[in-house]
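Each remark here refers to the structure printed beneath this line.
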2 protein chains.
Amino acid sequence: MTALPKRQQNRILRERRILDAALVVFSQKGFVSASMDDIAAEAGLTKPTLYQYFPSKDELFTAMMTEERDHMLESFEYPSASGMVAELYAFSWHYADVVLRPDMLNLARLIIGEAQRLPDVGRAYQASGPDRVLAGMIAYLERQRAAGRLVFDDAELAAEDLWGLILSAPRNRALHIPDAVPDRGTIERYIRNGLRVFLRAYSTAPEKDLAALSSLTPPPATATE
Amino acid sequence: MTALPKRQQNRILRERRILDAALVVFSQKGFVSASMDDIAAEAGLTKPTLYQYFPSKDELFTAMMTEERDHMLESFEYPSASGMVAELYAFSWHYADVVLRPDMLNLARLIIGEAQRLPDVGRAYQASGPDRVLAGMIAYLERQRAAGRLVFDDAELAAEDLWGLILSAPRNRALHIPDAVPDRGTIERYIRNGLRVFLRAYSTAPEKDLAALSSLTPPPATATE
DNA sequence: ACAATTCTTAACTCATAAGTAAAGAAATCG
DNA sequence: CGATTTCTTTACTTATGAGTTAAGAATTGT
């Protein structure tokens, strides 16, 4: 009874296809060089049809960004593990897997490249991505502090230290050099070292935590890789 | 006797002006949206004249990037101070002052935004900027290790930890949100905290070094700010 | 002061891309 | 099955920008 008419279903599917195509083409070519003909072709339809769904290139871009922002929010779940160290390790790996995905890097490049022209987009990206993850991490770290496992004055700085330690170098390199996405061994190296520094600086039981870190193994490569 | 004819002097000056204008306009608008008319106007001359100096937009961009790369290399000198902690602090501030300059951030955004289209430019930027600074820092840290002040297994990772700790968060935010260049108090906060974490993790005399850090004050704001 | 060089002005060609219109074909609906 | 809706095809307008030309003005050199 709630089944939509075929026509409406098709409209929803086509809109979906257009937004996906827009993401691909904008990410590859940047806003200006991506043409509406290219995006229509990528979506498997024609430009006049595309214009029936989105009245202008700007509106398509904005809609695509809004959609992607919502998708981004879904990516940052918190893996559960046994113990703070295992949790930090699992999350570091999860975060790395998301952030270093080629499509995510392409999107980041797009946003950074357009940040001057579209300040709201940059702001929205920062709010839905990094700031959101940071807020979650701050809460997590404060819980660990309350449980006596960590000590720090400023939870925000501690959370930012963690990202800086585990992913700053590979991500920056990958942003500058698209071919330079690190392999899993390299990511492991950064994560492990970053967590060591973090635990040495903030843990109330550094020896025990470093030993726990030594026993952890990286997660299997995800199918999306 | 070595004085160049006025004509040659003017050519050199004009070329300089064109490259400066190119940097400004490309940084503000990105490669595609920056027009040769805009750049000529910024340089205070006309498009046909501009084409007398640089045969195409691509070649102007490449020349501008090459020029900027050489400029970048000049920016990363090593301030001298008394003691390792003071040296790290001074350099952290120096690095922050360079990297967070609006024009440097604009250039970084430009490079990141064009990285897919111009992989060589991204590679050259990485090699002349971050990799270069990193190499210097690695050498410095290894000297401190040899002198018994630091302990680490991997100098490269230690050097990357330092950048990640002191500047990763503010720089990323500034890349996404052009208005969000941090004030000096915020930079101080990141640098001080970052160095604390670094010293706690790697110093052979953490208490002493943290005390030394406490006594340091930020450098005066530079005139270029 | 005159000649040579360089720049400016004004106009141009060509290509590209955003956005649009109309007619016919295809898909869906009742 | 005919009516309606939606999409495709084809062609179009307009604007923009890379790159170019020619004539006259300005600058430099001798």
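Please read these numbers as outputs of a predicted model, since none were measured by experiment. Just so we're on the same page: letters track the sequence lines, and every chain starts at 1.
Sequence neighbours left out, the pairs with a member in residues 153-187 of chain B that pass ring pair (Phe, Tyr, Trp, His ring centres under 6.0 Å) are Tyr125(A)-His176(B), Phe91(B)-Trp163(B), Tyr95(B)-Trp163(B).
The interatomic distance linking Gln9(A) (CD) with dT5(D) (C1') rounds to 16 Å, in whole Å. For the pair Leu50(A) CG and dA17(C) P, the computed distance is 15 Å after rounding to whole Å. Between the CZ atom of Phe61(A) and the P atom of dA18(C) there is a distance of 14 Å, rounded to whole Å. Taking atom NZ on Lys57(A) and atom C1' on dA17(C), their separation rounds to 7 Å, with Å as the unit. What separates CZ of Phe31(A) from C1' of dA17(C) is a distance of 12 Å, to the nearest Å. In this entry the distance linking CG of Asp38(B) with P of dG17(D) reads 7 Å, nearest Å. Whole-Å rounding puts the Leu45(A) CG to dT9(D) C1' distance at 14 Å. Between Tyr51(B) atom OH and dA22(D) atom P there is a gap of 18 Å when expressed in whole angstrom units.
When only modelled atom types and interatomic distance are considered, Asn193(A) and Asp154(B) share no side-chain donor-acceptor pair under 3.5 Å. Asn10(A) and Arg7(A) share no side-chain donor-acceptor pair at under 3.5 Å. Inspection of the Glu87(A) and Tyr140(A) side chains reveals an N or O donor paired with an N or O acceptor under 3.5 Å.
Base contact: Pro48(B) has a heavy atom under 4.0 Å from a base atom. Note on Tyr53(B): only backbone sugar-phosphate atoms sit closer than 4.0 angstrom, heavy atoms only; bases stay farther off. Looking at heavy-atom distances under 4.0 Å, Ala34(A) makes contact with sugar-phosphate atoms alone, never a base. Nucleic acid contact for Ser35(A): sugar-phosphate only, since backbone atoms but no base atoms lie under 4.0 Å from a heavy atom of the residue.
Side-chain contact between Asn106(B) and Phe26(B) is absent, with no heavy-atom pair separated by less than 4.5 Å.
Ranking dT28(C), dT8(C), dT28(D) by closeness to the Asn10(B) side chain, first place goes to dT28(D). Of the candidate nucleotides dT9(C), dT8(D), dG17(D), dT8(D) has the atom lying nearest to any side-chain atom of Gln52(A). Across dC29(C), dT8(D), dG19(D), the shortest atom-to-atom separation from the side chain of Arg7(A) is found for dC29(C). With dA18(D), dG29(D), dC29(C) as the candidates, the nucleotide lying closest to the side chain of Lys6(B) is dG29(D). The side chain of Arg11(B) has dC7(C) as its nearest neighbour among dG29(D), dC7(C), dG19(C). Checking dA18(C), dA18(D), dT28(D) against every side-chain atom of Met36(A), the shortest atom distance belongs to dA18(C).
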Query - Intermediate values then yes/no, salt bridge (Lys or Arg N to Asp or Glu O under 4.0 Å), Glu156(A) and Arg189(B) - result: CA-CA 11 Å; Glu156(A) 185 189 14; Arg189(B) 181 168 164 247; 2.9 Å; yes
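When each of Arg14(B) and Ser56(B) is assigned the nucleotide of DNA chain D bearing its nearest heavy atom, the one mapping closer to the 5' terminus is Ser56(B).
Put simply, the side chain of Lys47(B) and the base of dG19(D) share a donor and an acceptor less than 3.5 Å apart.
Close to dC7(D), at under 4.0 Å from its OP1 or OP2, lies no side-chain N or O of Thr49(A).
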